[in-house]
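Everything below concerns the one structure shown next.
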Amino acid sequence: MSTTSDPAHRTAAPRTAAEVNEDIRALWTRAGGRLSTEQRREYQRLVMEWSEARQRPPARGPRPATLPRPTRAAPAATAPTGSEPHAA
């Protein structure tokens, strides 16, 4: 769980809403359910970051090379009629 919410400690890539949400939960846990003035400011900053992250489209990575390219549909399988051998 990420508990570093200091902007100086973040990577260049924007965090996901789930990552920011982890920090929000950690803040509330550390505070014991009651936020000090400083913690309230941090909470407001995290909520703004979370809101911005929710508005970004999800990151899309490169398509894995292991996925086959779409091809023509295979012929439909037929049910055995009783004269075909069963695979053992």
Side-chain angles (χ1 to χ4, degrees):
M1 175 169 73
S2 172
T3 57
T4 303
S5 56
D6 182 3
H9 291 96
R10 285 195 220 137
T11 60
R15 298 188 305 162
T16 65
E19 291 169 329
V20 179
N21 192 39
E22 285 182 24
D23 281 356
I24 292 170
R25 290 177 185 269
L27 174 64
W28 278 102
T29 300
R30 285 191 314 270
R34 300 196 113 196
L35 298 177
S36 68
T37 302
E38 182 180 328
Q39 289 168 324
R40 231 176 264 270
R41 282 192 292 267
E42 176 67 6
Y43 173 74
Q44 290 172 345
R45 189 194 64 74
L46 287 169
V47 169
M48 292 297 294
E49 183 182 353
W50 175 83
S51 177
E52 290 168 4
R54 292 270 320 218
Q55 294 174 16
R56 282 193 302 270
R60 299 180 83 184
R63 183 176 178 181
T66 57
L67 291 177
R69 292 187 177 267
T71 59
R72 287 185 280 139
T78 57
T81 61
S83 61
E84 294 90 2
H86 290 87

query: Around Arg34, counting heavy atoms of other residues, nucleotides and ligands shown, do more than 12 lie under 6.0 Å from its CZ?
result: no

Arg15 side chain to Trp50 backbone, donor-acceptor under 3.5 Å:
no

Sorted by chain and number, sequence neighbours left out, side chain to side chain donor-acceptor pair (under 3.5 Å) with Thr37 holds for none

When every non-hydrogen atom of Ala17 is compared with those of Ala53, the smallest separation belongs to N-CB, 3.5 Å

- Task: Applying salt bridge (Lys or Arg N to Asp or Glu O under 4.0 Å), run through Arg41 and Glu38 and close with a yes or a no.
- Result: CA-CA 5 Å; Arg41 282 192 292 267; Glu38 182 180 328; 5.3 Å; no

Residues 23-46 vs ring-ring contact (aromatic ring centres under 6.0 Å, His included), sequence neighbours excluded, gives Trp28-Tyr43

Sequence neighbours excluded, the answer for side chain to side chain contact (heavy atoms under 4.5 Å, CB included) partners of Gln39 is Leu27, Ala31, Leu35, Ser36

Side chain to side chain donor-acceptor pair (under 3.5 Å) filter on Glu52, not counting sequence neighbours, yields none

Sequence neighbours excluded, the answer for side chain to side chain contact (heavy atoms under 4.5 Å, CB included) partners of Thr16 is Ala18, Glu19

Contacts of Gln55 meeting side chain to side chain contact (heavy atoms under 4.5 Å, CB included) (sequence neighbours excluded), chain-then-number -> Ser51

Partner of Leu46 under side-chain contact (heavy atoms from CB on, under 4.5 Å), picked from Met48, Gln44, Glu42, is Glu42

